[in-house]
Amino acid sequence: MSRICICGGGSLGHVCAGVFASCGNEVTILSGHPSKWTDNIVVTDNDGRQYCGRISRISDKPEEVVSNSDIVFLCLPGYLIEKTLTDIKPYIGKAVTGSVVASTGFFKFAHSILGPGAALFAFQRTPFIARVKEYGKSAYLLGYKKELLAAVENAADTEGFALMLEDLFRTRVRMLPSWQEAALSNSNPILHTSRLYSMFGESDGKPLAVKPLFYKDWTDGASDVLIAMDGEFMELVRFVCGKESSIQPLLEYYESHDSSSLTAKISSIPAFQTIESPLREVEGGWVPDTESRYFTEDFSFGLKFIWEMCHQYSVPCPTIDRVYAWGCALIGQGLSVSYNPQGSVLRKAQLRMLDILVEVDRICRKCGIDYWMDAGTLLGAVRHGGFIPWDDDMDICINRKDRRRFRKAMEENLSDRFAYQDCRTDKYHFEMSPRIRDTHSFFDLPIERKQKFRGLFLDVVLLERIPSMRVQHLIYLLYGRVTRTIHNYGEVMYDSAFRKFATKLAAYLIWPAMQTALGIIRLYSELTRSDILGRYYVGFRNPRYLSHIYPLTEIYFEGHRFYAPGNFDGYLKAMFGDYMALPPEGQRGGHDVKIEVYD
């Protein structure tokens with residue numbers, strides 16, 4: 001018999017606890033609500049068969065229930081996996097750590113937190129269909145699977161472990177050749193998201209008059225979206241796992257051949273008949289409940305993982321792109337009500353800046369100039385499907401070597417609504433990086449009061465190879481100040497006449513030596529093929545890596561597709577760390593300035 005710690009108190013946690021304990025295993029529970037559990041749990045399946053077992057210990061302290069376990073089994077939603085693995089790491093010992101599904105990033109988190117040698121396992125699909133009857137006491141086992149597919153890493157005896165899983169789950173278990181094959185799932189991450197998009201994706205936010213059942217009332221429209229998403233998903237599977245992958249196309253899995261037959265199949269599955277849609281009632285009908293696990297789990301983790309991998313491997317995924325961006329935007333609507341509701345000055349400003357980016361994208365594509373979304377703009381695209389709700393600026397990057405081509409392309413092709421601005425076109429633009437300004441708005445930054453154009457803008461960051469972040473910072477301390485002084489920074493700051501004269505004289509005297517030194521450093525960075533990108537005239541605190549950027553990909557931002565780093569996950573982690581976590585409310589805000597948007 002085995003000592004098994006189950007982490008989590010959801011329906012699968014209940015069912016697994018009852019089934020495992022019923023055959024004499026020592027089962028402990030790690031739960032945030034230990035007082036709600038009883039020592040005994042009863043699980044009843046659709047045939048009336050019951051699994052009754054005694055729980056050895058229930059606690060919210062990992063050291064009390066994880067230590068000395070043979071198996072630590074996570075029955076958790078995606079947003080709790082990373083934190084739980086971090087909490088239990090000191091107590092895992094030699095246990096094999098697993099997850100009820102791999103599709104919400106389990107292996108990715110486990111490799112990072114537990115290390116490359118950790119013994120791990122996870123299922124491709126959930127082993128049971130389950131529902132809680134009475135929390136901490138009883139649950140329903142609504143359906144068994146014919147076969148379970150699992151990936152195992154670093155187990156002492158893989159075959160023996162597979163047999164152990166078969167005994168625990170009462171189902172045949174087949175081992176998969178790689179963790180990617182378990183993590184790539186066209187079950188819930190695609191099934192749930194396609195259905196929700198078919199309900200509301202083209203409805204302009206109008207409530208449904210009647211609340212449909214999620215599966216029983218499945219539609220051909222949902223099947224159309226599902227088949228399209230699955231087609232893109234299977235291209236990713238073939239690229240990553242090979243043509244012999246065990247992952248079946250959904251039409252094959254559901255023994256269907258087109259949308260109508262798939263609809264008939266999904267809507268008739270007995271175990272799914274009573275499952276409700278994740279909706280909440282409002283005046284006029286029903287709208288999506290974005291706090292349900294269909295959003296917090298399947299969009300934010302399941303579909304996000306697939307979406308990221310498609311872009312990482314340059315697999316075209318227009319339908320997945322569209323559905324994921326829609327889900328992100330919908331999840332962020334609650335924030336939009338507080339920060340940038342429709343009709344607000346900030347939202348008008350954001351849409352005007354979007355116009356700038358659309359124009360710049362058009363010209364860059366026409367002229368063959370690489371660019372990519374950066375910083376908060378990229379973060380907004382990935383986390384919100386558009387602007388961060390409180391953001392009031394935009395950033396893109398280009399390669400410094402393209403700066404002259406970019407300037408020429410903008411000056412020759414920009415419409416009259418916009419203006420190209422740099423230190424050559426505006427003597428009081430003291431930065432080396434250019435901006436594209438909107439000429440029908442006003443952005444009142446006091447430091448820019450002497451500039452020719454003062455409308456809303458798109459920052460264009462010029463990046464180049466640097467030897468290290470430390471070298472960049474050291475050069476910025478002198479070179480950045482020299483360039484700003486030469487470009488009239490003192491006048492902008494209303495320095496005294498003597499101070500302006502003295503600092504400018506010093507800057508011009510130092511300038512040749514600085515340019516020579518910088519040229520040597522640039523040559524060294526190119527010859528050593530440094531992977532770090534930065535800029536010398538404005539200090540960056542966090543690096544950008546060339547290997548994260550190319551090949552470029554395209555992702556949705558406010559309903560448009562713009563260029564982004566190919567590995568935007570690595571790019572954003574290098575900049576922000578846990579970039580999907582929202583900052584504290586006190587840190588949500590843009591520039592404290594007056595903004596005006598004119599027609």
Side-chain angles (χ1 to χ4, degrees), residues 335-364 371 373-381 384 386-398 406-407 409-462 484 487-495 537-538 557-560 562 587-599:
L335 293 170
S336 295
V337 170
S338 301
Y339 295 98
N340 63 336
Q342 290 297 328
S344 65
V345 172
L346 177 56
R347 186 57 180 162
K348 289 178 180 179
Q350 290 176 343
L351 294 177
R352 185 61 58 83
M353 289 187 289
L354 177 64
D355 291 340
I356 304 174
L357 182 55
V358 169
E359 177 77 347
V360 170
D361 172 76
R362 177 187 69 81
I363 297 171
C364 285
Y371 80 88
M373 292 184 287
D374 182 58
T377 306
L378 178 62
L379 174 59
H384 302 277
F387 282 97
I388 298 173
W390 48 87
D391 208 2
D392 58 9
D393 66 1
M394 295 191 82
D395 301 276
I396 65 168
C397 292
I398 65 170
F406 181 82
R407 178 186 182 189
M410 294 299 127
E411 290 181 335
E412 291 179 355
N413 293 279
L414 277 173
S415 73
D416 293 340
R417 287 183 53 198
F418 309 109
Y420 176 86
Q421 182 182 42
D422 67 10
C423 56
R424 292 175 178 83
T425 64
D426 188 336
K427 63 180 286 188
Y428 293 112
H429 181 87
F430 53 84
E431 302 286 6
M432 292 292 288
S433 58
R435 282 177 172 171
I436 310 300
R437 290 276 190 177
D438 172 64
T439 59
H440 291 72
S441 58
F442 180 63
F443 191 82
D444 188 21
L445 273 177
I447 199 172
E448 298 173 352
R449 62 172 62 93
K450 286 191 173 184
Q451 292 187 10
K452 182 178 179 181
F453 297 106
R454 297 188 62 193
L456 293 159
F457 58 87
L458 171 71
D459 263 325
V460 183
V461 180
L462 307 178
R484 284 180 170 219
H487 295 125
N488 303 306
Y489 185 68
E491 293 183 49
V492 170
M493 297 303 293
Y494 293 104
D495 286 346
Y537 48 90
V538 175
F557 182 95
E558 298 287 350
H560 300 265
F562 299 113
Q587 298 177 22
R588 301 176 190 176
H591 300 83
D592 184 18
V593 298
K594 178 182 179 182
I595 298 175
E596 296 177 357
V597 182
Y598 314 128
D599 294 333

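Throughout, residue positions are numbered sequentially from 1 according to the sequence presented. Values below: every heavy atom of this structure, side chains too, minus hydrogens, waters and symmetry copies. Just so it is clear, the structure is predicted and the values come from calculations on it, not from any experiment.
- Side-chain atoms of Leu458 and Met353, non-hydrogen and from C-beta on, never get closer than 4.5 Å to each other.
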Give the C-alpha distance, both sets of side-chain angles, the deciding distance and a yes or no for side-chain contact (heavy atoms from CB on, under 4.5 Å) between Tyr371 and Val460.
CA-CA 9 Å; Tyr371 80 88; Val460 183; over 6 Å; no
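- With hydrogens and angles ignored, the 3.5 Å screen pairs a side-chain donor or acceptor of Asp422 with a backbone N or O of Thr425.
- For the residue pair Ser344 and Pro341, the shortest heavy atom distance occurs at OG-O, 2.7 Å.
- Closest non-hydrogen pair, Ile595 versus Ala349, comes out as CG2-CB, 3.9 Å.
- In this structure Arg347 satisfies the side-chain hydrogen bond (donor to acceptor under 3.5 Å, both in side chains) test together with Gln350, Glu558, sequence neighbours excluded.
- Of the possible donor and acceptor atoms, one in the side chain of Arg352 sits under 3.5 Å from a partner among the backbone N and O of Tyr598.
- Nearest heavy atoms, Ala375 versus Asp395: CB-OD2, 4.1 Å.
- In this view, Phe453 satisfies the ring pair (Phe, Tyr, Trp, His ring centres under 6.0 Å) rule with no residue, not counting sequence neighbours.
- In this view, Phe557 and Phe387 satisfy the ring pair (Phe, Tyr, Trp, His ring centres under 6.0 Å) rule, not counting sequence neighbours.
- What you find for Lys452 and Asp426 is that their closest heavy atoms are N-OD2, 2.6 Å.
- Under the rule for a ring pair (Phe, Tyr, Trp, His ring centres under 6.0 Å), Tyr420 has no partner lying at least two apart in sequence or in another chain.
- Partners of Phe406 by ring pair (Phe, Tyr, Trp, His ring centres under 6.0 Å), not counting sequence neighbours: none found.
- For the pair Phe443 and Asp392, the minimum side-chain heavy-atom distance is below 4.5 Å.
- Within 6.0 Å of atom CZ in Arg362, more than 12 heavy atoms from other residues, nucleotides or ligands are found, so the atom counts as buried in its surroundings.
- Looking at heavy atoms from C-beta onward, Phe418 lies out of side-chain contact with Thr439 at the 4.5 angstrom threshold.
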Using the side-chain contact (heavy atoms from CB on, under 4.5 Å) rule, take Ile396 and Val360 through it: C-alpha gap first, then chi angles, then the decisive distance, then the call.
CA-CA 10 Å; Ile396 65 168; Val360 170; 3.9 Å; yes
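- By the side-chain hydrogen bond (donor to acceptor under 3.5 Å, both in side chains) test, Arg407 is found to be paired with Glu411, residues two or more places apart in sequence or in another chain being considered.
- Looking at every heavy atom in both residues, Arg437 comes nearest to Gly455 through NH1-O, 2.6 Å.
- With contacts defined as side-chain heavy-atom distances shorter than 4.5 Å, the pair Leu414/Ile363 qualifies.
- Between Leu456 and Ile356, the shortest heavy-atom contact is O-CD1, 3.7 Å.
- Within the 3.5 Å criterion, the main-chain N or O of Leu462 finds no donor-acceptor partner in the side chain of Ser433.
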